[in-house]
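Structure first, commentary second.
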Amino acid sequence: MAKRETIILDQAGVNRAITRIAHEILERNKGSANLVLIGIRSKGDTLAGHLNVLIGEIEGEQVPLGAVDITMYRDDLAERGSLPIGKTDIPFPLDGKHVILVDDVLYTGRTIRSAMDALMDFGRPSSIQLAVLIDRGHRELPIRADFVGRNVPTSREEQVEVVFTDDHNPLEVRLIKP
Amino acid sequence: MAFQHKHILGIESLSREDIELILNTGDAFKEINGRDIKKVPTLRGKTIINAFFEASTRTRLSFEIAGKRLSADTVNISGSTSSVVKGETLEDTAKNIEAMAPDIIVIRHGHSGAPHYLAERLETCSVVNAGDGAHEHPSQALLDLMTMREHKGRIEGLEVAIVGDITHSRVARSNIYALSKMGARVRLAGPGTMLPPGIERLGNVEVCANLLDAIKDADVVMMLRIQLERQSQTLLPSLREYARFYGLNTENIKLAKEDAIVMHPGPMNRGVEISTYVADGIQNVILDQVANGVAVRMALLYLVSGVESMQTQ
């Protein structure tokens, strides 16, 4: 049977969600001082870039932007084999910073666990806060997001995919049923 | 495409895609070497044995650091202090090592084919060739390619001169395979006694009559070490004569492209194959090669570990 796809968030919806998250981040942290954004490859870093543009529009200045690839910190080498490793790019110290970790979809929490391990290797941030576009539930670790675009109840058989246009603008979010 | 090789025995058995994956993985790992905390948990719980039956400082250290930065436990044994000197065969030594359940054995051996011999006989662990006789030295060729790509932005289409004792050089052989697969052109030069007939059949190779023909307009000039401890003495009239005809110096290097890079696998014989002025000159990337060696070996250990772990599951 063919897979069924539903659009659960269209382009306008995604943009509204990101804009709200940007405001919430600034509100919670009382501005952008000491803030840094770090996106998880390969989609969280694109979203972090968009968040930074919005933060720049609101505050008049963008914050340092980095990207982390969590492949080296995975816990499933034996199941998945050696996945290709992307580049981690954090060209600034994290000591004393409020790090906003950005990802597209929050699911089991294992990716976030790996990303936090990676961040700790770069210094001692004052805090790590998590921003995600979609929270689909099914956590396997005690991890929650601080900023959520949309909560989407799903079954484990379903897939959630955040789709970007060719020029890396968010297009929509799809729910794919088996 | 996932990496499929449980063992890294030579470049000859790798595809262009494999080489690109290794280089890209090496690029990604390189960032770790610039961190304050130079360690990631990727290979936590893996055991890597560095079995070096032949002298080595750089390669052994490089493999050891690579393993440690990936959180693997690395243990070194060397030929002169192992039970090999009591007459144990290589196969028995290796089987005994395997009984202690390591995940990877990195082996350097004076005899060509020793790593292949072990790979056929060992049941579970991966074998990585760190140089076998006059056959191959895959990790050296890969770090050379990584360094060329870093400096030239590409490998395809590069003109690479390799000069020296080609016959006994596993570095040359691995580089010929690797560069040919990646679309570069290799020019070889060396004394007649050090150029094996038929070498051009190994890849995209041109055998040049002399040093000057080889380095003219080259993008990369790779000087090989004259192996003073080995055969070289009987193959050469004198080191002075070799230096005169096959040594790279500030004059003949001008024949290469203006932005050419100078490489050497180390250890250098200053004043023999490379003049001290060139060895310390701005074109040399010899220490970049050493730095990239750690990154590329991390990539190899990581990639074979994935295959090994999946199979033992």
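When reading the values below, keep in mind they use all heavy atoms of this one structure, side chains included, and skip hydrogens, waters and symmetry mates. Within every chain, numbering begins at 1; the chains are lettered A, B, ... in the order of the sequence lines, protein sequences first and strands thereafter.
- Of all the listed residues (B:Ser305, B:Pro41, B:Ser71), the one sharing the greatest number of non-hydrogen pairs under 4.5 Å with chain A is B:Pro41.
- Proximity of B:Tyr302 to A:Thr71: side-chain heavy atoms (C-beta onward) are separated by under 4.5 Å at one or more points.
- Within 6.0 Å of CD on A:Glu140 lie more than 12 heavy atoms contributed by other residues, nucleotides or ligands.
- Within a 6.0 Å sphere centred on CG of A:Asp167, heavy atoms belonging to other residues, nucleotides or ligands number more than 12.
- Across B:Asp27, B:Asp36, B:Val304, B:Leu70, the residue that shares the most heavy-atom pairs under 4.5 angstrom with chain A is B:Asp27.
- Here the CE atom belonging to A:Met72 is positioned 5.5 Å from the CD atom belonging to B:Glu31, to the nearest 0.5 angstrom.
- The nearest pair of heavy atoms linking B:Val307 to A:Ser82 is N-OG, 4.5 Å.
- Heavy-atom contacts from other residues, nucleotides or ligands closer than 6.0 Å to NE2 of A:His138 number more than 12.
- For B:Ile32, the part lying near chain A is the side chain, with the backbone staying farther off; criterion is any non-hydrogen pair under 4.5 Å.
- By the 6.0 Å contact criterion, CZ on A:Arg150 is open, its count of non-hydrogen atoms from other residues, nucleotides or ligands being 12 or less.
- Residue contact with chain B, scored on non-hydrogen atoms closer than 4.5 Å, is absent for A:Arg74.
- Of the residues considered (B:Asn24, B:Val40, B:Thr25), B:Val40 shows the highest number of contacts with chain A, using heavy-atom pairs under 4.5 Å.
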Output, in order, the C-alpha distance, side-chain angles, deciding distance and verdict of side chain to side chain contact (heavy atoms under 4.5 Å, CB included) for B:Phe29 and A:Ile85.
-> CA-CA 8 Å; B:Phe29 277 131; A:Ile85 292 188; 3.2 Å; yes
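- Heavy-atom neighbours of B:Arg154 CZ from other residues, nucleotides or ligands within 6.0 Å: above the threshold of 12.
- At a threshold of 4.5 Å between non-hydrogen side-chain atoms, the residues B:Arg35 and A:Asp121 count as touching.
- Heavy atoms closer than 4.5 Å to chain A are found in the backbone of B:Lys39, but not in its side chain.
- Residue A:Arg124 qualifies as open at atom CZ: its count of foreign heavy atoms under 6.0 Å is 12 or below.
- Here A:Leu83 is the residue among A:Asp117, A:Asp69, A:Leu83 with the most heavy-atom pairs under 4.5 Å with chain B.
- Smallest separation of non-hydrogen atoms from A:Pro84 and B:Leu21: CB-CD1, 4.5 Å.
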